[in-house]
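Input: a single structure, listed below in structure tokens.
The analysis underlying the following values was restricted to heavy atoms, covering all of them including side chains, and did not include hydrogens, waters or symmetry mates. Please read all numbers here as calculations on a predicted model, not as lab measurements. Just so you know, ligand 1 is whichever comes first in the structure, and atom 1 is the first atom listed for that ligand. Positions are given from 1 along the sequence.
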Amino acid sequence: MDGNGRWARARGLPRTAGHREGAKAVRSVVEAAPDLGITTLTLYAFSADNWQRPAAEVRTLMELFERFLHSERDKCIDNGVLLNIIGRRDRFEPRLLRAIRRAEAATAGGRNLHLRIAVDYSARQALIDAAGLHQSPEPLDVDSYTELLNRAVNSRPAAPDVDLLIRTSGEQRLSDFLLWECAYAELSFTDCLWPDFDGAELERAVAEFHRRERRFGRVVEARELAS
Ligand code: FPP
């Protein structure tokens, strides 16, 4: 969800104003997702490296996350959205941790959308943590490692591979996000700053995704192409 800072700067506002506006975009995108056939949506809200930002910005972001968990809980229940925070949990304030646990428990029955919000997330750390969870004498394979990775980041339920990765604000990097899960992800880049991103932007990206030919390393037979 990049571009909050630039959105604010363009209006002469502090960066935190951009983050507040960004939280509104989250609501719009979450509302639009199920009708677009999206069953799992992961939003990158705060990377493990984001702790290095100024303390006041980090505090505002943590407050925004906590407020979001309180304010959106009932709406998520009504709309069948299962809310799930993925990433590390040992560096949060106790009250944020309590809000996470409450929101996850309250929305656990959601069946329309698995909404994962990545907070204090690092894909590389997750890969290390998943390796540390491996105890079985059986050799690892893709499925068993994926399961460990889901456990390592507290993804409940486990999430499937990423089909479409959308990066906003003109950035074209992976930034330590879902490195394993994006093995065959289609990539979509937009100049749109996150606070301006909404359901209509998501629909455009999904429409473009459906026009892509996904081969997963195989050759597509002429017969298949014709059908
Ligand atoms: C990156 O853009 C954005 C973040 C580090 C924070 C994302 C947070 C939100 C969208 C708000 C709250 C989210 C929830 C789920 C309630 P940037 O700040 O680095 O922007 P810039 O690249 O323009 O400087």
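Scanning the protein heavy atoms around atom 19 (O) of ligand 1, the nearest turns out to be R53 NH2, 2.7 Å. Scanning the protein heavy atoms around atom 11 (C) of ligand 1, the nearest turns out to be H19 O, 3.3 Å. Of the protein's heavy atoms, N4 ND2, 3.6 Å lies nearest to atom 9 (C) of ligand 1.
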Begin with the C-alpha distance, continue with both residues' side-chain angles, and end with the deciding distance and a verdict on salt bridge (Lys or Arg N to Asp or Glu O under 4.0 Å) for E171 and R173.
-> CA-CA 6 Å; E171 307 291 0; R173 290 186 288 276; 2.9 Å; yes
Verdict with supporting geometry, W194 and N4, side-chain contact (heavy atoms from CB on, under 4.5 Å) = CA-CA 6 Å; W194 177 256; N4 298 344; 3.5 Å; yes
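Those atoms of ligand 1 that come under 4.0 Å of a heavy atom in L61, given as number and element, are 6 (C), 8 (C). Near R6, with a cut-off below 4.0 Å to any heavy atom, the atoms of ligand 1 are 21 (P), 22 (O), 23 (O). Residue M1 has at least one heavy-atom neighbour below 4.0 Å for each of these atoms of ligand 1: 1 (C), 2 (O), 3 (C), 10 (C). Taking every non-hydrogen atom of N50 and a distance limit under 4.0 Å, the qualifying atoms of ligand 1 come out as 5 (C).
In this structure, E147 places its CD atom where only 12 or fewer heavy-atom neighbours from other residues, nucleotides or ligands lie under 6.0 Å away. Counted within 6.0 Å of CZ on R124, heavy atoms from surrounding residues, nucleotides or ligands total 12 or fewer; the atom is thus considered open.
Using a 4.0 Å cut-off between heavy atoms, R15 contacts ligand 1 through its side chain alone, with no backbone atom that close. When heavy-atom distances to ligand 1 are checked against a 4.0 Å cut-off, L193 has no atom that comes that close, whether in backbone or side chain. Of the heavy atoms in R67, none comes closer than 4.0 Å to ligand 1. By the criterion of a heavy-atom distance under 4.0 Å, neither the backbone nor the side chain of L43 is placed next to ligand 1.
Aromatic ring orientation, F216 versus Y184: tilted (interplanar angle from 30° to 60°). In this structure, Y44 and F177 have parallel ring planes: the angle between them is below the 30° cut-off, well short of the 60° mark.
In this structure a side-chain-to-backbone donor-acceptor pair under 3.5 Å is missing from N79 to V81. Side-chain N or O atoms of R89 include none that pairs as donor or acceptor with a backbone N or O of D120 at under 3.5 Å.
Note on W7 and F197: separate hydrophobic clusters, where clusters join Ile, Leu, Val, Met, Phe, Trp and Tyr whose side-chain heavy atoms are under 4.5 Å apart, directly or indirectly.
The shortest separation from a heavy atom of D2 to ligand 1 is under 4.0 Å, placing the residue in contact. Under a 4.0 Å heavy-atom criterion, R9 is not in contact with ligand 1. Residue contacts with ligand 1 include A45, since one or more of its heavy atoms lies under 4.0 Å from the ligand.
A salt bridge links E213 with R215: the closest approach of a Lys/Arg side-chain nitrogen to an acidic carboxylate oxygen falls below 4.0 angstrom. One finds no salt bridge joining E104 and R101 here, because no Lys/Arg side-chain nitrogen approaches an Asp/Glu carboxylate oxygen to under 4.0 Å.
Between E57 and ligand 1, no pair of N/O atoms sits closer than 3.5 Å. Taking only nitrogen or oxygen atoms, main chain and side chain alike, W194 does not reach within less than 3.5 Å of ligand 1. For the pair W7 and ligand 1, the shortest N or O to N or O distance does not fall below 3.5 Å.
Remark: among candidates F65, Y44, F68, F46, the nearest residue to atom 13 (C) of ligand 1 is F65, based on non-hydrogen atoms. Between the choices G18, S47, G5, the shortest heavy-atom distance to atom 20 (O) of ligand 1 belongs to G5.
For the 3.5 Å distance criterion, the side chains of N150 and S155 qualify, holding a donor opposite an acceptor.
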